[in-house]
Structure formats: structure tokens, C-alpha cells
Protein chains: 2
Amino acid sequence: MGPRTVKSEQLQARERELIETALGIMEQEGTSGLTMDKVAARVPYSKGTVYNHFRSREDLLTSICNASMETLVELFTRAIGFQGSTRERLLAVHYAYLLHALLDPTQFMLVISAKTANLIERTSERRLAAHHELEGRLMGPMLELVDEAIAAGELTPAPHLDRRQIVFTNWAGSFGVISLLINSQDQCSAREDLDAGTELFNHVNLLLDGMQWRPMSSDWHYDQTLKRIGAEIFPGESTLIDTP
Amino acid sequence: MGPRTVKSEQLQARERELIETALGIMEQEGTSGLTMDKVAARVPYSKGTVYNHFRSREDLLTSICNASMETLVELFTRAIGFQGSTRERLLAVHYAYLLHALLDPTQFMLVISAKTANLIERTSERRLAAHHELEGRLMGPMLELVDEAIAAGELTPAPHLDRRQIVFTNWAGSFGVISLLINSQDQCSAREDLDAGTELFNHVNLLLDGMQWRPMSSDWHYDQTLKRIGAEIFPGESTLIDTP
DNA sequence: TTCGTCAGTGACGAATCGTCAACTTACCAG
DNA sequence: CTGGTAAGTTGACGATTCGTCACTGACGAA
């Protein structure tokens, strides 16, 4: 190993340290409470050094979002391994997504702001490339699941829907339900009493029934499946979700 | 009319002027470019007067969001008036939502940030009340549409879905699809080539087929319906949407 | 020992937020 | 007409925050 490698490793370790610190601040004070000065103050390095790693505050935010997506990849991988039909395994992925959002709503919401034009402009190319690669790693397993389902004869997509569209529509539905309900500590007239878990699985089952991904929900008790997913795949975290 | 009423009208007029100005700035420079100083600079009043109307920058943002929702109520009302089955009229509402998002993506995205804990804390009670009232006015027409569909025998909801859940799942699906695709000037691996209009109506039709809202998409050409909606209800704006 | 390199530092200028003491205006009573 | 009070307006100000850049000093090479 040359010295350059060693140094690069040190740099990566420090970058992880900075991101960890930033996560701590965000947990306590939310996204708007995350400040470059605060990060620098909590770390044995100066502000200049922090800016040596992150071009801007937005660059740091994208990094945090990426870190969050890495843990999500881990959860998705676990979920795909569920023993069951392809539709059950897809439900497990949605379960993982919900769990991820409940475990850290602030990080979950970062995904949206990461799409803002303003944020993209101020983020380094390197970081954006990593972000796109992570999106691919998230979508990949679901694409394979769709292929498996088609091969197994459990799904026969309509001609106007390709595999990417099927994956996207799943993602979008999950994202919409969760993002609208995750912050509902406020008593909104339209959303009071709505539980994120209940509405998420209602939504996904309607979607999958709509595309006739077998077994249809009229032929299978997916409530049981959800209980199994919680118990078998996410035994530690599943207390966050009430399965009906 | 007493003088108090006159003065109150003046205040309201000025508030509209301030919001208009803020909208202009947001159009040019995005949400992050909206600054209280810039608003004050573009207006014949001083910063202190601006702060007399809005408790904080976040209060102003919520006001802008509310204004945006008012125009949305208008669009929804037009949409509900479409001549057709209840399912076609619901499609018209989704069409209106998409149109609204395409006409002003920045305002559309405000709805999410308006749910942030940080933003709610810094917003005045009065403004929050107006926000909730507007949500009710948005959901109301859709709730009635669901009731009509049930009465007409076109929809027989599963026992575990009440009217509010049906409306919510529609909203969430639309919101998820649009918010993920609206900012896709960036070439994301998973979203390239995906068109907001196409994916939105795919998603909604899957959802409505899943809950068996008749006529099912296998029994009706909803592409034709979309063309009609564009031509009859939104003749001016519909050029923004390619109906397939 | 001396010198060059380069990561690290933190003081700094600019921009922004929200406040407040001073100021202006409107209006009314005497 | 005059003086006074209340209400509304102003912009300078302190506090934060962002991102930069001239300076520092540690370390290895000669």
C-alpha cells in the first residue's frame, strides 16, 4: 500500500465521521437546523476542512441522502429474501420502505429535496453520480422481482406497461402514501385517523390487484403475510408497524 | 360600512400584493431564492410592514401554498363538472392536479414542505387554519364523487375501505407519481423516458381497476376520455399534457 | 539544516432573518 | 385651529450563516 491509499482511507473515514455528525444534528434539530458551523463545531476539524469534503451545505445534504439510501439498499435486500410468492416479496419491499421512513422521517424526506433544481446545482458531480448509482441499486432488485413474476406466470403485464413502469408505479405509490402521512402529527382534516401502514398496504394491494399480480388479494390473506414479514424479516424493527 | 371594514380591505389587498410579488420572485429564482428583503425591495412598503403581515418567511411560504391551493380548488371544480361516468370525472380531477403541477412545479412542491414540523411551528395559527380549511375544500368534491359512484352502483368498496380512504389513496398516488417525475430534467437512471402524464394515468387506472370502479379499463377506452377532458374542460392549458 | 508543498485554519465579507426604538400619519377633543 | 394619542411604518441593527482565502505549520526531500 502506498501512502496515497492510506491517506484516501483516512479521508473516507473522516467523511463518514462528518456525515455521522451531521446526522446527529439533523436528528436533534431537523434539516433546517443543520448548519455547516455546527458540524465544524462538533468535530475536531475546522470549517475549511469541512468545506474540503463538501462543496456546500447542499452537497452535504445529498451525501446524507446517499448514506440513507445505502441503508435502504440493505433493507431491500433483506426484504427480497422473504420466503413466499413474488407478490409477497414485493410487499416485503414496501414494508422495508415504510420501516425506513418511520425509523427516520427526516432522512426519508430528503429524497424529495434532493430532486430540487437548486440542490442539484450546488452538489458536486461525484456526489450526484453516486446518487444515481444508488437509485439503480434500489431499483435493480425490484426489476428482477418483476421479471421473476412474469417468468413464473404470476404477472402478465398489459402491453402498455413495461417492467420499469411497473417498478416506478410501485415506488411512486409507496412514496406518495408515506410522504403524506409521515408528518401527520398535525391534525389535518383529511388525514386524521389515517395510519401510514394501513393506507400503504391498502394502496399497494389495490395497485397489484389492478395489474392482476397473482395471487389476487381476494384469493390470499395478505394480512397474514404482513405479520410474517414483520416477524421473520424485521423482528427488531417491526414494532413500529401495526399490522391490522 | 365602517372605517374598520375599509381598512381591513386595504390590508387584504396589500397582502395579495405581497403574495403576488413573492410568487414573481419564486418564479424567477425558486423557493430558496425567495427572501424577505427581496420582497420588501420590490414593494412600496418596508420590511417591517412585510413582517406585519407575515410572522416569518415560513408564514409567507404557507400563504403562497394556500394561494396555490385556491387556484387548485377552482381547477377541481371545473374538473368535477365533466360530463361522463363518475370514474371519468375522477380522472378529470387527476388531470386537473397534473395540470396544476405542470403549470407551476415550484408551487406544487410547496405542499410537501408545508407539512414540515419546522415550517408549521413558524406559521401563524390563522394561516394554518386557512390551510386546513382549504384541504377540506379540496377533498370535499372528491368525497362527493365517491358517494355518487357508490349510489350509482359503479363502485362497491371493500369493507375495509371507507370513503375517506378511497379519496386519500387517489390523492397519494397522484401526488407520488407527479412529485417524482415533475423535476426530472435530470437524467435519473430509473426515471428517464418516463412521462408524468402517461405514468399518472397508468397509476390511477391500476388503482381504480384494483377497487373495481366501473367501467373497468378493460371495458372502456380511457385514452379517449383523457382527450375529451383536455379538449372540453381545459382547452387552453391541455397542450401541456400529451394524451397517448 | 533549509526549503517547498499542501492540508488545515479561522477571521472575514456578504447575505439574510427578525426586532425595535424612533418616526409619521390619522384622527379626535377642546 | 391646536395639541395629543393611538396606530401604523420605517430602516438600522444584532445575530446567524454561508463560503472564501490569505496565512500557518508539519513533514519530507535535498
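Order of the sequence lines sets the chain letters (A, B, ...), proteins ahead of strands, with each chain counted from 1. Everything quoted here is computed from the prediction, not taken from an experiment.
- Note: Phe168(B) and Trp171(B) have perpendicular aromatic rings, judged against thresholds of 30 and 60 degrees for the angle between ring planes.
- Remark: aromatic rings of His203(B) and His203(A) are close, center separation under 6.0 Å.
- For the pair Tyr45(B) OH and dT9(D) P, the interatomic distance rounds to 9 Å; values are reported in whole Å.
- In this entry the distance linking OH of Tyr51(A) with P of dG8(C) reads 16 Å, nearest Å.
- Regarding Leu61(B), its CG atom lies at a distance of 10 Å from the P atom of dG18(C), rounded to whole Å.
- The closest side-chain donor-acceptor pair between Thr106(B) and Thr31(B), if any, does not fall under 3.5 angstrom.
- For an aromatic pair to be called close, the ring centres must be under 6.0 Å apart, and Phe175(A) with Tyr97(A) fails this.
- The phosphate of dG8(D) (OP1 or OP2) has no side-chain N or O of Asn52(B) nearer than 4.0 angstrom.
- dA7(D) atom C1' lies 12 Å from atom CZ of Arg14(B), rounded to whole Å.
- Recorded end-axis angle for the helix from dT1(C)-dA30(D) to dG30(C)-dC1(D) stands at 30°, based on five pairs per end and rounded to 10 degrees.
- dA15(D) atom C1' lies 12 Å from atom CG of Asp37(A), rounded to whole Å.
- As rounded to whole Å, 14 Å separates atom P of dC17(C) from atom CZ of Phe54(B).
- For dT9(D), the OP1/OP2 oxygens have no side-chain nitrogen or oxygen of Ser46(B) closer than 4.0 Å.
- There is a side-chain donor-acceptor pair under 3.5 Å between Ser68(A) and His100(A).
- Separating the CD atom of Glu58(A) from the P atom of dC18(D) is a distance of 9 Å, rounded to the nearest angstrom.
- Within the nucleic acid shown, Arg57(B) comes within 4.0 Å of sugar-phosphate atoms alone, with no base atom in reach, counting heavy atoms only.
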Worked verdict on Leu11(B) versus His53(B) for side-chain contact (heavy atoms from CB on, under 4.5 Å): CA-CA 9 Å; Leu11(B) 284 184; His53(B) 285 269; 4.0 Å; yes
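- At least one cation-pi condition fails for Arg78(A) and Phe234(A): the charged atom is not both under 6.0 angstrom from the six-membered ring centre and inside a 45 degree cone around its axis.
- Sequence order on DNA chain D of the closest nucleotides to Lys38(A) and Arg55(A) puts Lys38(A) first from the 5' end.
- Of the two residues contacting DNA chain D, namely Met36(A) and Pro44(B), the nearest-nucleotide position lying further toward the 5' end is that of Pro44(B).
- If you take NZ of Lys47(B) and C1' of dC20(C), they are 12 Å apart, rounded to a whole angstrom.
- Thr49(A) comes within contact range of at least one nucleobase, with a heavy-atom separation under 4.0 Å.
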